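Every value quoted in this text rests on a predicted model; they were computed, and no experiment measured them. Numbered from 1 within each chain, the chains take letters A, B, ... in sequence-line order.
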Amino acid sequence: MNRSRTGLAAAILLAIPVLAAGPIVIQNATILTITKGTFKGSVLMRDGKIVEVGEKILVPADAKVIDASGQYLMPGIIDCHSHAAADSINESSVSVSSMVAIEDVLNPEDIAIYRAVAGGVTTANILHGSANSIGGKCSVIKMRWGKSAGEMIFKDAKPGIKFALGENPKRRGNIAAPNGAVPLRYPATRMGVEDVIREAFTEAQRYHSQWKAYAAQVAKGESPLPPRRDLKLEPLMEVLEGKRLVHAHCYRADEILMLLRVAEEFHFRIKTLQHVLEGYKVAKEIQQHGAGASTFSDWWAYKVEAFDATPYNAAIMVRKGVLVSINSDSDELMRHLNTEAAKTQKYGGLTDDEALSLITINPAKQLDIDKKVGSIEAGKDADLALFDKHPLSNFAKVQKVFIDGEIYFDRDADLAARPEREATKKTLLERQKQQRKQSPARKPL
Amino acid sequence: MKKAICSLVLSVSGVMAIRAEVPSAMAITNARVVTVSGPILPRANIVMRNGLIEAVGENAPIPADAWVIEGEGLTVYPGLINGLSTLGITDSSAIGGGGGRRTGGGAGGGAATTNTGAPARGPEDRPSTTSWLRAADLVRPSDKRLETARSAGFTTSITFPTRGIFAGQGAVVNLAGNKPGQMLITSPAGQYVSLAFSGFSGYPGSLLGVFAYIRQIYIDADHYRLAKEMYARNPSGVSRPEYDRALEGVMESPRVLLPASRTVDIDRMIHFAAELKISPVLYGVPRGYTAAARIAKAGVPVLVSLKWPERRRDADPEAPETLETLQLRDEAPSTPKALAAAKVKFGFYSDGIEKPADIAKAVKRAIDAGLSDDDAIRAFTLSTAEIFGVADRLGSIEKGKIANLVVTKGNLFETNTKIQYVVIDGVKFQPVPEAAPAPTEETN
């Protein structure tokens with residue numbers, strides 16, 4: 001990542017205020033509702049929600065009206081796999097790092113958030129890295145740039161956890177540091193990865209029964225010492241109870257089948273398979289298990305397990321009835337997920353709605369937040385992206401982005417604010433240069 | 001040349017360390033007295049006996065047995081308190097991250113190894129934890145840095161071990177004494193926490209892991225307390241809880257020092273402390289000016305580092321800098337003013353700055369940015385004493401308090417003001433004469 005570029009953009013963007021959320025009407029736009037068809041019409045937002053969607057709606061007297069003639073309105077884009085907005089991604093010292101939580105290290109000052117908003121993204125699943133067979137807890141956030149970490153959290157989103165199969169989690173079992181400072185870490189093979197997951201859930205079952213036994217004793221009126229709370233096992237217990245969603249990083253068909261079988265053996269479901277480049281080979285099994293698939297459009301061959309891939313992967317899985325999304329896994333790809341979705345039209349001929357579903361309603365379902373976001377429907381959160389051209393066009397540019405009915409990105413305002421930011425910067429640079437001259441550097445040794 | 005300077009300094013400090021006969025009573029007369037707790041007395045006497053302030057006032061009578069120092073034209077302040085330092089600790093193994101200078105963010109001092117040296121595999125190995133270490137046991141009056149600190153007006157330090165995640169218990173210590181035990185005012189003063197992680201060699205290997213580890217420690221401490229209580233009530237037929245010094249150390253800390261550099265760190269730590277039900281003191285806080293209202297609302301005290309963010313001396317002159325960085329540099333010294341305006345309780349700490357002139361310069365920047373003289377002196381004295389629960393003994397010039405004073409000609413923190421002497425426990429110390437400006441060494 002280019003630090004200096006990052007910072008410069010941060011400088012430019014920070015000053016743009018988020019407008020207060022009075023009622024807003026967007027008029028004369030082509031509305032891509034995703035779930036209820038596409039038509040020319042208007043959308044009324046109030047108190048953070050979409051209140052009305054239709055070809056003709058009454059404009060309340062106190063509403064701010066935005067004329068979007070010739071423009072396209074779609075639901076805010078949802079990225080099911082991102083590592084933006086976090087100060088720390090991988091706790092790679094242990095094979096099971098379920099005790100760690102992205103929520104602890106969310107960084108609302110990460111400029112990637114604003115850039116994602118500028119690409120139409122309004123919600124993202126921030127995942128732990130893939131260094132461990134069982135990784136840390138994820139956070140679903142709304143891209144509320146300018147708010148605190150706590151205020152970015154997507155309220156009532158079901159909690160999630162990251163799993164990882166294949167090369168990444170087994171790498172630390174194979175490559176030691178040259179000076180021996182970093183010890184090898186189990187597992188070193190795909191078999192070992194399976195074993196780690198199986199062991200962890202066996203341990204979690206034991207932990208679960210300890211608490212059940214304790215509850216039984218308390219129910220009998222006894223007051224025994226409670227079991228020690230274990231932050232590593234608690235989230236695994238929640239997985240077993242169906243209270244926490246599993247998002248599993250995977251590539252190969254064999255490891256995908258392995259994971260589905262292990263999960264079924266322990267009576268839980270894998271919510272999504274992430275990356276899942278060989279998903280097209282086992283789409284039927286994925287569909288039968290009920291797992292979603294969140295994949296890339298056309299990115300592969302960056303390591304051995306990512307060789308047997310095809311850009312038709314998403315389309316094939318869609319046709320086989322799998323719930324599919326396209327994710328970014330990258331601050332850069334995150335800025336043009338609409339283009340990523342469009343590639344499924346070239347590779348596999350998905351319809352407009354099918355293609356756009358991959359970055360809206362489908363990831364919403366994969367994150368269990370589809371009752372609130374993912375389509376333009378009355379009652380849902382007012383998370384919207386306004387494009388100047390059809391979002392599946394290469395030439396489409398985001399004009400405005402709303403989250404909870406508040407404007408978080410406005411292309412015109414952004415451009416207009418730049419000269420002043422530059423001027424402020426120049427003043428400060430000059431002043432600090434003068435200050436340094438007044439207190440000269442100490443003599444070099 | 002370097003050697004020559006060293007030996008010169010040594011011989012000077014050798015002389016200073018030898019105390020002449022110490023009077024049991026001493027009086028400073030006719031001085032301007034900044035009491036901090038009350039109004040400024042334009043012309044007053046201060047009488048000290050047995051290391052305590054016996055009387056302060058315009059007409060406070062001078063006992064017949066007191067040694068009298070003429071204070072005409074001088075100003076007397078309470079001794080300055082360095083809110084967080086390693087002063088007095090000579091054992092470098094207890095000091096992390098370059099003398100405890102790191103103020104949060106990513107790396108700090110201390111490898112995440114267990115006490116056997118093997119990489120930690122989880123929280124059970126208590127990595128980077130020496131919560132049981134006590135600054136009270138580690139301080140030595142022979143620490144050469146004490147003299148420099150006294151020359152800057154410091155009479156007291158809240159001294160902490162600083163290596164690792166749970167580094168150990170701080171102590172409030174006076175910066176002079178014949179024996180280590182004489183320095184101590186109170187202990188434990190709080191637990192020093194940093195966010196040190198090991199990178200690859202063991203748990204925790206990331207900031208994520210550090211947070212999870214700290215959380216597990218407090219969960220374990222609760223469980224341990226409960227187990228011990230239950231065992232104490234009825235040990236018969238119950239297996240005894242395993243003694244855990246890491247948890248003992250955490251449990252006996254009256255407060256916890258948490259690092260906070262960026263605005264997000266401030267919010268994060270306030271939130272984290274509330275979750276863990278601990279009494280936090282935030283340290284570092286160069287971006288306090290962005291979050292003063294939130295800190296005030298949370299009622300969290302703050303120790304502000306005097307090391308204001310600066311451009312690195314060896315920075316690439318061509319490398320572009322962000323507006324954010326430039327603004328931070330420009331506005332960080334306005335943090336104390338913002339905290340004072342929001343009524344946040346805050347103190348200062350030297351954060352590795354040693355030279356008295358540099359400390360004065362750093363404070364001057366905060367004053368130039370709008371901090372009042374009154375708020376500045378209060379931050380250095382009574383506020384810090386309040387934060388650490390020793391305001392009944394330290395931090396102001398009042399009858400009954402410990403006789404720690406700074407005596408100056410002119411207003412403290414003005415560039416050309418000279419500190420005449422400091423008094424610690426009723427004993428007078430001259431500042432070390434400023435070293436010749438000749439070839440100084442890079443101290444960083």
Checklist entry - Are A/Q432 and B/R311 linked by a side-chain donor-acceptor pair shorter than 3.5 Å? => result no
Item to check | B/R329 versus chain A, the contacting section by heavy-atom distance below 4.5 Å | outcome: both
Checklist entry - How many angstroms lie between atom NZ of A/K425 and atom CD of B/E321, to the nearest 0.5 angstrom? => result 8.0 Å
Checklist entry - How far apart are the C-alpha atoms of B/F211 and A/V100, what are their side-chain angles, what is the distance that settles it, and do they pass the side chain to side chain contact (heavy atoms under 4.5 Å, CB included) test? => result CA-CA 7 Å; B/F211 276 93; A/V100 310; over 6 Å; no
Checklist entry - Does any heavy atom of chain B fall under 4.5 Å from the side chain of A/R431, the backbone, both, or neither of them? => result side chain
Item to check | A/S223, part contacting chain B, at a heavy-atom distance under 4.5 Å | outcome: backbone
Item to check | Ion pair check, B/D267 and A/K147, cut-off under 4.0 Å | outcome: no
Checklist entry - Yes or no on side chain to side chain contact (heavy atoms under 4.5 Å, CB included) for B/Y203 and A/E91, after CA distance, side-chain angles and deciding distance? => result CA-CA 8 Å; B/Y203 180 86; A/E91 173 56 47; 3.5 Å; yes
Next on the checklist: Under 4.5 Å from any heavy atom of chain A, what part of B/L326 do you find: side chain, backbone, both or neither?
Outcome noted: both
Next on the checklist: Can you tell me which portion of A/P226 sits under 4.5 Å from chain B's heavy atoms? Options are side chain, backbone, both or neither.
Outcome noted: both
Checklist entry - What residue, out of A/L428, A/L429, A/N107, A/D104, has the most heavy-atom pairs lying under 4.5 Å from chain B? => result A/D104
Checklist entry - Heavy-atom distance under 4.5 Å to chain A: side chain of B/T263, backbone, both or neither? => result both
Checklist entry - With respect to chain B, which residue among A/V94, A/D87, A/V96 yields the maximal number of heavy-atom pairs within a distance under 4.5 Å? => result A/D87
Checklist entry - Is chain B contacted by the side chain of A/L106, its backbone, both, or neither, given a heavy-atom distance below 4.5 Å? => result backbone
Next on the checklist: So which residue, A/K232, A/R228, A/R229, A/M99, ends up with the most heavy-atom pairs under 4.5 Å with chain B?
Outcome noted: A/R228
Item to check | Toward chain B, the part of A/S97 with a non-hydrogen atom under 4.5 Å | outcome: neither
Next on the checklist: Can a donor-acceptor pair be found, under 3.5 Å and without considering hydrogens, that links the side chain of A/S88 to the backbone of B/S206?
Outcome noted: no
Checklist entry - Quick one: what part of B/D222 sits under 4.5 Å from any heavy atom of chain A, side chain, backbone, both or neither? => result neither
Next on the checklist: Can you confirm whether more than 12 heavy atoms, excluding those of A/E420, are under 6.0 Å from its CD atom?
Outcome noted: no
Checklist outcome for this item: In terms of heavy-atom contacts, B/M230 and A/L225 come closest through CE-N, 3.5 Å
Item to check | Which of B/H271, B/E124, B/R294, B/E310 touches chain A most, by non-hydrogen pairs under 4.5 Å | outcome: B/E124
Checklist entry - Backbone N or O of B/L208 within a donor-acceptor pair of the A/H128 side chain at under 3.5 Å? => result no
Item to check | Distance, nearest 0.5 Å, that separates CD1 of B/I270 from OG of A/S148 | outcome: 10.5 Å
Next on the checklist: Other residues, nucleotides and ligands only: do more than 12 of their heavy atoms fall within 6.0 Å of CD on A/E222?
Outcome noted: yes
